[in-house]
Every structure is written in structure tokens, then in C-alpha cells.
Amino acid sequence: QVQLVESGGGLVQPGGSLRLSCAASGFALRQYAVGWFRQAPGKEREGLACLTKSGASTYYADSVKGRFTISRDNDRDTVYLQMNNLEPEDTAVYYCAADTGLTLHTMCAVTRSHDYWGQGTQVTVSS
């Protein structure tokens, strides 16, 4: 089955950290640029961090720059999002996506029509 599966979400206190994972099955994620997105209730989906196939170049939204880090393990066809210093405003459903042929800025700016999407994982930041 061709899919992306996110994991690692949960409840964390403000200032805490979480590491999200996104594992591919049925296709070679290493052939795709990847990105992490989130959608909070009542808000538009936003692109947070995007990464090239090789992992050499990254793009981060201003809202997470310096706090979140995207990385990938191409041997495991898995992408990660390390989230530090979490804030209540980071509460959302987090999604990973994969696509080809886009600049990183476009990869993160396009929030709906990528080749592959995961089902999402909930992150709640609350005391």
C-alpha cells in the first residue's frame, strides 16, 4: 500500500519537545522532496519545513525557524520533525507530504495538492 504514516504526536507542556516521524511505504520516499505542514482548528493549513531529496537544503516558515528541524533518513525512507520550545500556538494536526519538481519555497507554500500526504498526527501543547 502506497502511503505516508506520521507518528510521534501527543500532549506536551509549553517549552517541551517532540519528534515527529513520517515513514513511507509502497514507494521510495528518497526520490521526493518532503515537507511538514500543520492545521489548527479554524485555521488554514500552513507549510512549516521542507527538505530536498538529498537533505542538503531546507526551508522553514518564520513561525518555526530556530525551534523546529526537519531531517530525513533515506535508508529508512523516513522524515523527521524535531520540535523544541513548543508553544500553545503550535497545537495542531501535523502532516507530512512528498512531491517532486518544486522549489522548496513552493513545496512549503502549496498546502493541498502534493503527490503524497500522510493522515496526520495530533500535537497538543498545554499545561
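Note that the structure is predicted; figures quoted are calculated from it, not measured.
Within the model, atoms OG of S57 and CG of L51 stand 8.0 Å from one another, a figure rounded to the nearest 0.5 Å. Taking OH of Y94 as the reference point, atom CZ of F37 lies at 13.0 Å (rounded to 0.5 Å). To the nearest 0.5 Å, the span separating NE2 on H114 from OG1 on T100 amounts to 10.5 Å. We find the CG-SG distance between L81 and C96 to be 10.0 Å, quoted to the nearest 0.5 Å. L11 CG to T124 OG1: the interatomic distance, rounded to the nearest 0.5 Å, is 6.0 Å.
T52 and R72 make their closest contact through O-NH1, 2.7 Å (heavy atoms, listed as atom of the first residue, atom of the second, distance).
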Verify side chain to side chain contact (heavy atoms under 4.5 Å, CB included) between R38 and S63, making sure each step is shown before the conclusion. CA-CA 12 Å; R38 70 184 178 191; S63 58; 3.9 Å; yes
Between R67 and D90, is a side chain to side chain contact (heavy atoms under 4.5 Å, CB included) present by the stated rule, with each step listed? CA-CA 11 Å; R67 300 189 298 125; D90 295 316; 2.8 Å; yes
Check step by step if side chain to side chain donor-acceptor pair (under 3.5 Å) holds for N84 and Q82. CA-CA 7 Å; N84 297 328; Q82 177 66 43; 2.9 Å; yes
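The side-chain heavy atoms of S126 and P88, taken from C-beta on, include no pair separated by under 4.5 Å. Contact annotation: the side chain of Y95 approaches that of E6 to within less than 4.5 Å [non-hydrogen atoms, C-beta and beyond]. In this structure, the side chains of Q39 and T111 stay at 4.5 Å or more apart for every pair of heavy atoms.
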Could you tabulate the donor-acceptor pairs under 3.5 Å formed by side-chain atoms of residues 101-110, not counting sequence neighbours?
residue : atom : partner : partner atom : Å
T103    : OG1  : T106    : N            : 3.1
T103    : OG1  : T106    : OG1          : 2.9

Do any side-chain atoms of residues 18-36 form donor-acceptor pairs under 3.5 angstrom with protein atoms, and if so which ones, sequence neighbours left out?
residue : atom : partner : partner atom : Å
S25     : OG   : Q1      : O            : 3.2
R30     : NE   : N74     : O            : 3.4
R30     : NE   : D77     : OD1          : 3.2
R30     : NH2  : N74     : O            : 3.1
R30     : NH2  : D77     : OD2          : 3.4
W36     : NE1  : Y80     : O            : 3.3

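Both F68 and V79 are assigned to one and the same hydrophobic cluster, defined by single-linkage of ILVMFWY side chains at heavy-atom distances under 4.5 Å. By the criterion of side-chain heavy atoms lying less than 4.5 angstrom apart, applied directly or through intervening Ile, Leu, Val, Met, Phe, Trp or Tyr residues, L48 is grouped together with I70 in one hydrophobic cluster. Both L4 and V123 belong to a single network of hydrophobic side chains, linked directly or stepwise wherever heavy atoms of I, L, V, M, F, W or Y lie under 4.5 Å apart. V64 is connected to L86 through a chain of hydrophobic side-chain contacts under 4.5 Å among Ile, Leu, Val, Met, Phe, Trp and Tyr, so both are in one cluster.
Between the T78 side chain and the D73 main chain, no donor and acceptor come within less than 3.5 Å of each other. The main-chain N or O of R112 is found under 3.5 Å from a side-chain atom of W117 such that the two form a donor-acceptor pair.
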